[in-house]
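Here the structure comes first, spelled out in structure tokens, and everything after it is commentary.
One is the number of the first residue; the rest follow in order along the sequence.
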Amino acid sequence: MAKPRGKQVPQAAPKSSQQDTSLDKGRLSSNTMLFGFLAIAVLGAAVYVNASPKLGVAFAGTRACDELPAQAQRINQKAFNVLPAVLPLTESNATTFFHPPGTDTESLKARPFHVYDDEFLNVIGSNPKLSLIAHEASGNPIFHEAVVWYPPTEEVFFVQNAGAPAAGTGLNKSSLIYKISLAQAEAVIDKVNASGLVDVVEAPSNPTVVNPNGGTNYKGQILFAAEGQGANIPSELVIMNPVEPYNTTVLLNNYFGRQFSSLNDLAVNPKNNDVYFTDTLYGYLQNFRPPPGLRNQVYRYNDVTGAVTVVADGFVLPNGVTFSPDGTKAYVADTGANQGFWGWNQSEPSTIYSYDVLADGTWDNRKTFSYIDSGVPDGVHCDTNGNVYAGCGDGIHVWNPSGKLLGKIYLGETSANFNFAGNGRMVICAETNLYFAEFAAVGGTYIY
Ligand SMILES: *[C@@H]1O[C@H](CO)[C@@H](O)[C@H](O)[C@H]1NC(C)=O
Ligand SMILES: *[C@@H]1O[C@H](CO)[C@@H](O)[C@H](O)[C@H]1NC(C)=O
Ligand SMILES: *[C@@H]1O[C@H](CO)[C@@H](O)[C@H](O)[C@H]1NC(C)=O
Ligand SMILES: *[C@@H]1O[C@H](CO)[C@@H](O)[C@H](O)[C@H]1NC(C)=O
Ligand SMILES: *[C@@H]1O[C@H](CO)[C@@H](O)[C@H](O)[C@H]1NC(C)=O
């Protein structure tokens, strides 16, 4: 479903890095938080001056080569190859935020599209935008994962974090599925903070999908990977009708009579339409599922024969899974460094692995695709050019198919998952915050 990009009015953009030190009053005056924003813009300007004004590649568009979009900033990796002080593990690690020289939290958030490589300019286009469209003041982590676009109603669904019982979520909260309207999100995209202006509406599944965590489009409906609860509600793959009465049907709930540990994420391969899903330990590590009776691994479900097979193992904690748009590459995130109640172990994976998907649907040629610099990579998705996006500790990271870091959509907080919603639109979950982004790239792996 194509979204007309032409209707957007381009914002005034800095002419060059030097000129950006003068404030763009036309743009700022439309912002209600004028004074706070002015301070941020000044900090952002300092970043620009540090960066090289020269672009090495031609930019696909009408913009001159030395211009950056208004909400983008370049991060010069050469500038931090040698730091004055490199802090020890107790101060600089996977759970801390790295601020490249000349930046701070405010400046990094003020222009959230971070260009690490000029190839990222083709991903974000000439006028990328990011808006906070909802905030959950109660502290309930309702914007967690399973972000699924449903084109017929132009809605995007997502689910609450199951979390540990200590977080007080409980089944009546942890099994909640919500949705937003994309029309409402698009209407407020020019506001940096549109919290309160987009309705977050519950979609009560029936029977309830117990602790859904992964989600994808499936035969015109939504397929969830549900983690289950306690010893007697097993993990399941469950199909939900995306319109009222949100009725559900279980597709799979066992492996030859044995419970899965806690199903985490799933993806449909566009070549063979089989469902590939990860099973992992988080239900146990978050205290709501018993110790595992199966290995942490990736399974494949064939809907024609009902066959369930294993396509990959050797992970610590397999998590997000996705395919390249042509279905020939599979990506699996391993979040082994974050071990729930066992704590963090920085020598375990914070890693995305890639595989070749062979003609028969089996996987081969496991490669280390990327090792994440902030937090762990959770949800993974591709665009139509095969670029790979992952929800990480400080926002969304983007790599080209060779594993080169192109850039980040910087949130300054963790995104467990997100998804494209057609041309140039993305919905990003960050637990108590929900973001909407518009930029050039198009989501690549819809099986609708
Ligand atoms: C990582 O750094 C933070 C902030 O200094 C600290 O609280 C935490 O304990 C560190 N983690 C490790 C494993 O040292
Ligand atoms: C959960 O919701 C059901 C149905 O509304 C209700 O009967 C039950 O008491 C609730 N449980 C808790 C713990 O709030
Ligand atoms: C966003 O706006 C809401 C409503 O005006 C306000 O309560 C909240 O503090 C703002 N959040 C941020 C991050 O500015
Ligand atoms: C929902 O109910 C309708 C009507 O009975 C049925 O056709 C459909 O298959 C159901 N969908 C799911 C996911 O259970
Ligand atoms: C962290 O992981 C490594 C590698 O598996 C293991 O040898 C080590 O014992 C772990 N450390 C802790 C504190 O669990």
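- Taking the six-membered ring wherever Trp is involved, the centroid distance between the rings of Tyr331 and Tyr353 does not fall below 6.0 Å.
- For the pair Leu223/Leu237, a side-chain contact is recorded, criterion being any heavy-atom separation below 4.5 Å from C-beta on.
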Pairs under 3.5 angstrom only: tabulate donor-acceptor contacts from the side chains of residues 371-380 to other protein residues two or more places apart or in another chain.
unit_1	atom_1	unit_2	atom_2	d
Asp373	OD1	Lys408	NZ	3.1
Asp373	OD2	Lys408	NZ	3.4
Ser374	OG	Asp394	N	3.3

- Message: Would Cys429 and His144 count as a side chain to side chain contact (heavy atoms under 4.5 Å, CB included) here? Give the steps.
- Response: CA-CA 5 Å; Cys429 281; His144 184 52; 5.7 Å; no
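- Among residue pairs with one or both ends in residues 158-201, those qualifying as ring pair (Phe, Tyr, Trp, His ring centres under 6.0 Å) are Phe143-Phe158; sequence neighbours excluded.
- Counting only distance, with no hydrogens or angles, the side chain of Arg111 and the backbone of Ala70 share a donor-acceptor pair below 3.5 Å.
- In the model, His381 has a side-chain atom that pairs as donor or acceptor with a side-chain atom of Asn417 under 3.5 Å.
- Atom CG of Asn319 and atom OG of Ser350 lie 10.5 Å apart (nearest 0.5 Å).
- Side-chain contact check for Ser415 and Tyr435: no donor-acceptor pair (N or O, by modelled atom type) lies under 3.5 Å.
- In terms of heavy atoms, Ser235 sits closest to Phe260 at CB-CB, 3.8 Å.
- Between the side chain of Ser262 and the backbone N or O of Thr280, at least one donor-acceptor pair lies under 3.5 Å.
- Applying the ring pair (Phe, Tyr, Trp, His ring centres under 6.0 Å) rule to Phe157 yields no partners; only residues at least two apart in sequence or on another chain are considered.
- Remark: the backbone N or O of Gly403 is paired with a side-chain donor or acceptor of Asn400 at under 3.5 angstrom.
- There is no side-chain donor-acceptor pair under 3.5 Å between Asp104 and His99.
- Summarising the geometry, atom OG belonging to Ser261 is positioned 8.5 Å from atom CG belonging to Leu263; distances are rounded to the nearest 0.5 Å.
- In this structure Asp303 satisfies the salt bridge (Lys or Arg N to Asp or Glu O under 4.0 Å) test together with Lys219, sequence neighbours excluded.
- The two residues Asn296 and Pro318 have their closest heavy-atom pair at CB-CD, 3.5 Å.
- Qualifying side-chain contact (heavy atoms from CB on, under 4.5 Å) partners for Pro245, counting only residues two or more places apart in sequence or in other chains: Asn241, Asn247.
- A salt bridge links Arg425 and Glu154; the closest N-O separation between the charged side-chain nitrogens and carboxylate oxygens is under 4.0 Å.
- In this structure, the side-chain contact (heavy atoms from CB on, under 4.5 Å) partners of Thr96, at least two apart in sequence or on a different chain, are Ser92, Asn93.
- The nearest pair of heavy atoms linking Asp118 to Val115 is OD1-CG1, 3.9 Å.
- Interatomic distance, Asn433 CG to Thr414 OG1, rounded to the nearest 0.5 Å: 11.5 Å.
- A donor atom on one side chain and an acceptor atom on the other are not found under 3.5 Å apart for Tyr284 and Glu227.
- Annotation: side-chain contact (heavy atoms from CB on, under 4.5 Å) contacts of Gln259 (sequence neighbours excluded): Pro234, Arg289.
- Tyr299 and Phe277 have their aromatic ring centers within a separation under 6.0 angstrom.
- The side-chain hydrogen bond (donor to acceptor under 3.5 Å, both in side chains) analysis of residues 200-209, with sequence neighbours excluded, yields no pairs.
- A donor-acceptor pair under 3.5 Å is formed between the side chain of Ser181 and the backbone N or O of Gln184.
- Not one N or O on the side chain of Asn423 forms a donor-acceptor pair closer than 3.5 Å with the backbone of Val442.
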- What do the steps show when you test Leu130 against Ile409 for side chain to side chain contact (heavy atoms under 4.5 Å, CB included), and what is the final call? CA-CA 9 Å; Leu130 178 72; Ile409 305 171; 4.3 Å; yes
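- Side chain of Ser324 to main chain of Gly386: no donor-acceptor pair is present (N/O by atom type, distance under 3.5 Å, no hydrogens or angles).
- Counting heavy atoms from C-beta on, the side chains of Tyr389 and Asn387 come closer than 4.5 Å.
- Side chain of Asn211 to main chain of Gln229: no donor-acceptor pair is present (N/O by atom type, distance under 3.5 Å, no hydrogens or angles).
- Partners of Phe288 by ring pair (Phe, Tyr, Trp, His ring centres under 6.0 Å), not counting sequence neighbours: none found.
- Listed by chain and number, the residues in a side-chain contact (heavy atoms from CB on, under 4.5 Å) with Asp117 are Glu119, Lys404, Leu406 (sequence neighbours excluded).
- The neighbour count for Glu244 CD, taken as heavy atoms of other residues, nucleotides or ligands under 6.0 Å away, does not exceed 12.
- Asn161 and Glu145 are not linked by any side-chain donor-acceptor pair at a separation below 3.5 angstrom, with hydrogens and angles left out of the test.
- The salt bridge (Lys or Arg N to Asp or Glu O under 4.0 Å) test applied to Lys191 returns no partner, not counting sequence neighbours.
- Between the side chains of Gln160 and Asn140, no donor N or O sits under 3.5 Å from an acceptor N or O.
- Contact annotation: the side chain of Val398 approaches that of Phe120 to within less than 4.5 Å [non-hydrogen atoms, C-beta and beyond].
- In this structure, Thr278 contributes its side chain and Asp265 its backbone to a donor-acceptor pair below 3.5 Å.
- Side chain of Ser174 to main chain of Gly170: a donor-acceptor pair is present (N/O by atom type, distance under 3.5 Å, no hydrogens or angles).
- Residues Val268 and Asp274 have side chains not in contact (no heavy-atom distance under 4.5 Å, counting atoms from C-beta outward).
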- Could you please spell out the steps behind the ring-ring contact (aromatic ring centres under 6.0 Å, His included) verdict for Phe113 and Tyr410? CA-CA 6 Å; Phe113 293 86; Tyr410 190 85; over 10 Å; no
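- Here CD1 of Ile133 is found 10.5 Å from CD of Glu186. Values are rounded to the nearest 0.5 Å.
- Considering only residues two or more places apart in sequence or on other chains, Glu155 meets the salt bridge (Lys or Arg N to Asp or Glu O under 4.0 Å) condition with Lys179.
- His135 NE2 to Asn193 CG: the interatomic distance, rounded to the nearest 0.5 Å, is 9.5 Å.
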